[in-house]
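Excluded from the calculations below are hydrogen atoms, water molecules and symmetry mates; all remaining heavy atoms, backbone and side chain alike, are included.
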Amino acid sequence: MILKSTVTERNYLTKVVFLVLLLFVLGSCSKDPIREKQTNPPPPSTDTSYQYGDFVINEGNFTWGNASVTYINPSENAVTQDIFYQANGRDLGDVAAMMKIHDSLAYLVVNNSNTIEVVKLKDFKSVKTISGTGLNKPRAIEFVNDFEKAYVTNLVKDISVIDLKTNSVYKTIQTPNWTEGMVRYGNYIFFACIGGYNLPNSERNPQILVVDILQDRIVDSIKTGKEPLGMVMDRKNKIWILCTGGYDNFEPPSLLRVDPVLQIVEQTFHFQNSTGTPSRLCINGTGDTLYFLDNGVYQMPVTSADIPSAAFIPGDGHSFYGLGIHPTTGNIFVSDAVDYVQNGTVYQYNQNDGSLIRSFEAGKIPGSFCFSVKPSSK
């Protein structure tokens, strides 16, 4: 999971401790931290369907319990807010980290509530809430196979193993503290392990843990830079890892390319002119172009000899926070958290020239994206 900040790649992302404290202070200053809801929520329309479309996962304010999901219907150019609440008559929870789709179900990882909400993708009605023993502030989810199990990373410790038939935690894989993103290669999943979330970076031992999925056991590790929060795999089966350098700027940020066969770092790119804290590493559907945030949105071919010196999409005063690349259109979705209290904004840009296609309002602190694509008819 690298469905981490699922919290928060930020989601407590690159500056986890700082962001948690910031949101706590902002929350304590608010006169009314609870969202106003109708006493009796309206029932969802009988023809409502979320089977295909784009989803914005809004983290919500830390400890306020106001996480939500915004749905974008691309065929009708329509936006629907808070679809979990509309479908279930209750709030999603506290700090939604990510959403990932498996078959006809969507799994919503809710970090501070220590839950995973399982909903029917068609109408977003809840079928199960995974909670309790075995979860330790979940961050991301990855499906190991179609019918048996999934792995969930956690902010506090260990990797949770989910039985997909019962949607429950049936075992854990012990890890040295906080785990975040993950990618699969063959019979192995590579997990980003940051170290103790409440420890200074000088005392953390960041690494990539290699887990044998047949045995649910750690079999190797690869040393990385501080805070390896983002992980993706390219078209040549190379794993890319974005290391922020630490919430306290312990070291310069770096981008690593790992050979999953030899399980070694084969190249390291150092950020020389970073204007912030690089975060939210993504890759396009064809696996040939990387994207990440560093105040603006940066675009980097996987064949590049160096990190780009200028943003593909400048920040221009925005508080860019979340990033997603549509798997078929290649369009770039980036969120602006504004002041981390009021509702955020999502911008959709063209992949070719970075021109703005549209913008729309989302929920509070839009942090990640999920895309459900209708199969093409041939």
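The aromatic ring centres of F292 and F271 sit less than 6.0 Å apart. With ring centers used as reference points, F143 lies under 6.0 Å from Y107.
Using modelled atom types, one side-chain atom of D94 and one backbone atom of T63 make a donor-acceptor pair closer than 3.5 Å. Remark: the backbone N or O of S355 is paired with a side-chain donor or acceptor of D353 at under 3.5 angstrom. A donor-acceptor pair under 3.5 Å is formed between the side chain of T153 and the backbone N or O of E180. T329 contributes a side-chain N or O that, together with a main-chain N or O of N331, makes up a donor-acceptor pair within less than 3.5 Å. Within the 3.5 Å criterion, the main-chain N or O of N154 finds a donor-acceptor partner in the side chain of T179. S368 places a side-chain N or O within 3.5 Å of a backbone atom of A97 that can act as its donor or acceptor partner.
Nearest heavy atoms, G322 versus S335: N-OG, 2.7 Å. Taking every heavy atom of both residues into account, S160 and V169 meet most closely at CB-CG1, 4.3 Å. Heavy-atom minimum distance, I208 versus A192: CD1-CA, 3.7 Å. Nearest heavy-atom pair, K149 versus I213, reported as atom, atom and distance to 0.1 Å: NZ-O, 2.6 Å. In this structure, G363 and N58 approach most closely via the heavy-atom pair N-OD1, 3.0 Å. Listed here is the closest heavy atom pair of L293 and R280: CD1-CG, 3.8 Å.
Separating the CE atom in M300 from the CG atom in D288 is a distance of 12.5 Å, to the nearest 0.5 Å. In this structure, the separation between CG on N205 and CD1 on I194 is 11.5 Å, given to the nearest 0.5 Å. Summarising the geometry, atom CD belonging to E361 is positioned 6.0 Å from atom CD belonging to Q81; distances are rounded to the nearest 0.5 Å. One distance of note links CD of Q51 with NZ of K120; it measures 11.5 Å at 0.5 Å rounding. Rounded to the nearest 0.5 Å, atoms CG (L105) and CG (L164) are 9.0 Å apart. Distance check: R257 CZ to T268 OG1 gives 9.5 Å after rounding to the nearest 0.5 Å.
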>> Apply salt bridge (Lys or Arg N to Asp or Glu O under 4.0 Å) to residues K238 and D259 and explain how you reach the verdict.
In response: CA-CA 6 Å; K238 301 295 185 179; D259 184 325; 3.4 Å; yes

> After noting the C-alpha distance and the side-chain angles of E227 and R204, does the key distance pass the side-chain contact (heavy atoms from CB on, under 4.5 Å) rule?
Replying inline: CA-CA 9 Å; E227 287 192 3; R204 289 180 177 176; 3.1 Å; yes

> Can V211 and Y151 be said to form a side-chain contact (heavy atoms from CB on, under 4.5 Å), step by step?
Replying inline: CA-CA 10 Å; V211 171; Y151 288 149; 4.0 Å; yes

>> Checking R90 against S126 for the side-chain contact (heavy atoms from CB on, under 4.5 Å) test, could you report, in this order, the C-alpha distance in whole Å, the side-chain angles of both residues, the deciding distance, and whether it holds?
In response: CA-CA 10 Å; R90 61 182 174 89; S126 177; 3.4 Å; yes

>> Run C243 and L256 through side-chain contact (heavy atoms from CB on, under 4.5 Å) and show every step you take.
In response: CA-CA 8 Å; C243 305; L256 314 180; 4.1 Å; yes

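Put simply, the side chain of M99 reaches to within 4.5 Å of the side chain of L121, judged on heavy atoms. In this structure, the side chains of F269 and W240 come closer than 4.5 Å at one or more pairs of heavy atoms. The side-chain heavy atoms of E59 and Y321, taken from C-beta on, include a pair separated by under 4.5 Å. Contact of the S254 side chain with the H270 side chain is registered, since non-hydrogen atoms from C-beta on lie closer than 4.5 Å. In this structure, M233 and I283 have side chains that are not in contact, with every pair of non-hydrogen atoms separated by 4.5 Å or more. You'll find the side chain of K125 reaches within 4.5 Å of the side chain of N88, heavy atoms only. Using a 4.5 Å cut-off on side-chain heavy atoms (C-beta onward), N343 and V338 make no contact. Contact check for Q351 versus T289: no side-chain heavy atoms found under the 4.5 Å cut-off.
E251 meets the side chain to side chain contact (heavy atoms under 4.5 Å, CB included) test with K226; sequence neighbours excluded.
More than 12 heavy atoms of other shown residues, nucleotides or ligands fall within 6.0 angstrom of atom CD in E203. Dense packing is recorded around NZ of K128, with more than 12 heavy atoms of other residues, nucleotides or ligands lying under 6.0 Å away. For NZ of K157, the number of neighbouring non-hydrogen atoms (other residues, nucleotides, ligands) closer than 6.0 Å is 12 at most.
Judged purely by distance below 3.5 Å, without hydrogens or angles, the side chains of Y188 and Q263 never pair a donor atom with an acceptor atom. Side chains of H326 and T328: a donor on one and an acceptor on the other come within 3.5 Å. Neither side chain, D91 nor N66, offers a donor N or O lying under 3.5 Å from an acceptor on the other. Side-chain polar atoms of D336 and T345 form no donor-acceptor pair below 3.5 angstrom. In this model, no donor atom of one side chain and acceptor atom of the other lie less than 3.5 Å apart for T80 and N73. Remark: the T224 side chain and the Q207 side chain contain no N/O donor-acceptor pair separated by less than 3.5 Å. Side-chain polar atoms of N136 and D158 form no donor-acceptor pair below 3.5 angstrom. Looking only at atom types and distance, the side chain of N112 has a donor-acceptor partner in the side chain of K137 under 3.5 Å away. S168 and T166 form a side-chain donor-acceptor contact under 3.5 Å, judged by distance and modelled atom types alone.
Each of L199 and F250 belongs to its own hydrophobic cluster when Ile, Leu, Val, Met, Phe, Trp and Tyr are linked at side-chain heavy-atom distances under 4.5 angstrom. Cluster membership for F320 and I357, using ILVMFWY side-chain heavy atoms within less than 4.5 angstrom, is not shared. Following chains of ILVMFWY side-chain contacts shorter than 4.5 Å, one can reach L356 starting from L323, so the two form part of one hydrophobic cluster.
Using cut-offs of 30° and 60° for the angle between ring planes, the F84 and F124 rings count as perpendicular.
Hydrophobic side-chain contacts under 4.5 Å tie F369 into a cluster, directly or through other members, with V56, I72, V79, F333, V346, F360, F371.
Each of Y52, Y85, Y50 was scored for a ring pair (Phe, Tyr, Trp, His ring centres under 6.0 Å) with Y71, with one residue passing: Y50.
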